[in-house]
**Student:** 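Once you've had a glance at the structure underneath, I'll fire off some questions.
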Number of protein chains: 2
Amino acid sequence: MTIDLDPQLDLQSIRIVRAIAESGSITGAARLLGYSQPAVSQHLQRTESRLSLPLVTRVGRSVKLTEAGQVLARHAIAITSALDAATGDLADLAGLRTGTVRLAAFPTASSTIVPRLLASMAEAHPGIQLSYVEAQPPEAVALLREGGIDLAVTFSYPGDRTDPHRDSANGLNTETLFTEEMVVVLPATHPLANEEVVDVAGLAGERWIAGCPRCRGHLLAVCEVAGFDPTITFETDNASAVLNMVASNLGVAMLPRLALATATLPVGAVIRPHTPQSIRSIHLLAGAGTRRVPSVAATVSLLHKLDGGDWGLVAP
Amino acid sequence: MTIDLDPQLDLQSIRIVRAIAESGSITGAARLLGYSQPAVSQHLQRTESRLSLPLVTRVGRSVKLTEAGQVLARHAIAITSALDAATGDLADLAGLRTGTVRLAAFPTASSTIVPRLLASMAEAHPGIQLSYVEAQPPEAVALLREGGIDLAVTFSYPGDRTDPHRDSANGLNTETLFTEEMVVVLPATHPLANEEVVDVAGLAGERWIAGCPRCRGHLLAVCEVAGFDPTITFETDNASAVLNMVASNLGVAMLPRLALATATLPVGAVIRPHTPQSIRSIHLLAGAGTRRVPSVAATVSLLHKLDGGDWGLVAP
DNA sequence: GATGGTCATAGCCTGATGTTATGGGTTCTA
DNA sequence: TAGAACCCATAACATCAGGCTATGACCATC
């Protein structure tokens, strides 16, 4: 299919004809449009010769629309109002009075960062729709690449293959929102449970409960530094489950602080920082040019202002 | 009042966005529009920066409309279809499938030239509306000047003040369609009724029946040349009335041949050429640029083809 | 990796579309 | 009947939007 070009009708002609219809003279139309009189006069002549159809007739010292001119003037109203509607809608988008932002974030964020963001968005920009899907960082990045979402909140551990600051996020706009401390979870009865800070090396003989694949990867890395290879007996993504397993003395675990934010710590489990300390970073990724979209920019800005201190999140 | 310029939204942008929406890529849009790929790419960037609102996001090796782009694309359909409607109407006008021509002509033409023109217009261009008003030449010229009509059919006598080839028709487009002979009408009982050609000087003592003011002017001019000042006893514009008056022996008259076309010659009146011969010209006047209007041009063309031979009209 | 497709950038060039200055008509008025 | 006021058309000129070609960078697929 080919789109018709009708190269002989441009917006300017339409505006001019309309202005002439309204003012009754070329000079008047020029004033209305903010042009000089010859500009309008010439443009009109060009249009007439393009159409090979006179639009005005000089009558006396003034000018009058021909039938063709009147026909065009009538259409001009429809056309300019369609244009006005379009510019209006665009202005709405630009003015944050409307718009949709599609966000993805990792599961733990679903119950912490995301609800808080939704609340502040609803307050600051009630017109903007925020759609949300939960996705692990790799899936979130894929979605971003294929344009399925506008923003992704991900996490990574230092040295991660999927660290967005490395090549995995090539071409995407990326920044770190927060970092948080990793902690170990021990049964209250554990010999090290009374230490201020737990040495990971001291947990070499324990059974471990691992989280998501990438968290498990991080666990392995930490243990390797501490000089042992952990025995992993359970795997679950669910922080509450982990805490209860630990409380039931099924093993020890390592969790990010954020995971603890919405789970209540059962009796029988304790949280301890560990040494060597390890951290997790929380990132915000955006498609290449997406951040220039006003609604997206507004969301990003609110994410920056988000306070995660009560969850143990700190600025990077 | 001032017309909004929205200088930031031109047709090209709208076409481009629409083409991108339909083809899914910038290259495809360029093909659709018949442009090179960089042209579209650059135009798009200009538009985006004018709007300070991204319209597309690069996704993979292709491109995808942002929300703003989609909004614009939706409007694009409305706008281009409004434009198409306008160009369609204009094409109709240009193609003689529609249009209105407003015509004025002098009374005698109303029952001769005009009906014949209406008939051939209806056959050749059934879509064109022809509106008609009867008007004496001076009024017809005035109407033309103020744009109330498109064409005027007038008449003049040689030397007339209102001869359209003199200054009265300044700025109007003018031409002579026909000339016709003036004839005298005599009672059948008149001494000169048997002459082939009647010498006007021989009618010096008659009572005259004059027609419209300008015809009367012509009569005075002819008689002056013949060396007398006619006695005018009746004045009427109605050719039938004149003929019957002459048949009733109320006087003699001078009429153009066309005036006899629709009146039946009563017994008791005879038509004779006269000497010195005098003529009347029938003109077509058009507003300055009006003849370039297709429907008007078509009407003019048919007027040229009109055959008035059976009424005594001859080409100028 | 090599290849083909897609977008972006650079450099160039043309013409569309403004501008000011000026002239010719037309209308209104002293 | 001038003359003033107004309006349109034309001329000469300036500028930049918007096109093109050539080329580079990136991405996907084989």
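For clarity, every value in this text was computed on a predicted model and none was experimentally measured. Chain letters run A, B, ... following the sequence lines, proteins first and then strands; every chain starts at 1.
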**Student:** Which heavy-atom pair separates Ile16(A) from Ala29(A) by the least distance, and what is that distance?
**Tutor:** O-CB, 4.4 Å
**Student:** dC20(D) phosphate, OP1 or OP2: any side-chain N/O from Tyr35(B) under 4.0 angstrom?
**Tutor:** no
**Student:** Nearest-Å distance, CZ (Arg46(B)) to C1' (dT9(C))?
**Tutor:** 13 Å
**Student:** Do Arg50(A) and Asp10(A) sit within salt-bridge range, that is, some charged N less than 4.0 Å from a carboxylate O?
**Tutor:** yes
**Student:** Between dC20(D) atom P and Leu33(B) atom CG, what is the distance in whole Å?
**Tutor:** 11 Å
**Student:** Describe, in one word, how the ring planes of Phe106(B) and Phe155(B) are oriented to each other, choosing from parallel (under 30°), tilted (30 to 60°) and perpendicular (over 60°).
**Tutor:** perpendicular
**Student:** Any side-chain N or O of Ser36(B) below 4.0 angstrom from OP1/OP2 of dG19(D)?
**Tutor:** no
**Student:** Just how far, in rounded Å, is C1' of dC7(C) from CD1 of Ile20(B)?
**Tutor:** 11 Å
**Student:** Pick base, sugar-phosphate or nothing for Ala39(A), based on heavy-atom distances below 4.0 Å to the nucleic acid.
**Tutor:** base
**Student:** What's the NE2-P distance between His43(B) and dT9(C), to the nearest Å?
**Tutor:** 17 Å
**Student:** Anything under 3.5 Å between a protein N or O and an N or O of nucleotides 5-10 of chain D, put it in a table, one pair a line.
**Tutor:**
residue : atom : partner  : partner atom : Å
dC7(D)  : O3'  : Arg61(A) : O            : 3.2
dC8(D)  : OP1  : Ile26(A) : N            : 2.7
dC8(D)  : OP2  : Thr27(A) : N            : 2.7
dC8(D)  : OP2  : Thr27(A) : OG1          : 2.3
dA9(D)  : OP1  : Arg58(A) : NE           : 2.5
dA9(D)  : OP1  : Arg58(A) : NH1          : 2.8
dA9(D)  : OP1  : Arg58(A) : NH2          : 3.0
dA9(D)  : OP2  : Ser41(A) : OG           : 2.7
dA9(D)  : N7   : Gln37(A) : NE2          : 3.1
dA9(D)  : N6   : Gln37(A) : OE1          : 3.2
dT10(D) : OP2  : Gln45(A) : OE1          : 3.0

**Student:** Rounded to whole angstrom units, what separation is found between the CZ atom of Arg15(A) and the P atom of dT17(C)?
**Tutor:** 12 Å
**Student:** Please state how far atom CD1 in Ile16(B) lies from atom P in dC7(C), giving the value in whole angstrom units.
**Tutor:** 13 Å
**Student:** Rounding to an integer number of Å, can you tell me how far Arg145(B) CZ sits from dG25(C) C1'?
**Tutor:** 11 Å
**Student:** Pairs of donor and acceptor atoms involving the side chains of residues 70-77 of chain A, under 3.5 Å and at least two apart or interchain, shall be tabulated with distances.
**Tutor:**
residue  : atom : partner  : partner atom : Å
Gln70(A) : NE2  : Leu65(A) : O            : 3.3
His75(A) : NE2  : Asp89(B) : OD2          : 2.7

**Student:** Keeping Thr98(B) on the side-chain end and Leu93(B) on the backbone end, is there a donor-acceptor pair under 3.5 Å?
**Tutor:** no
**Student:** Any chance the side chains of His283(B) and Ser156(B) put a donor and an acceptor closer than 3.5 Å?
**Tutor:** yes
**Student:** Should Ser23(A) and Arg31(A) be marked as a side-chain hydrogen bond (donor to acceptor under 3.5 Å, both in side chains) after you check the CA-CA gap, both sets of side-chain angles, and the distance that decides it?
**Tutor:** CA-CA 9 Å; Ser23(A) 74; Arg31(A) 264 195 291 270; over 6 Å; no
**Student:** How long is the line joining CG of Leu144(B) and C1' of dT26(C), in whole Å?
**Tutor:** 16 Å
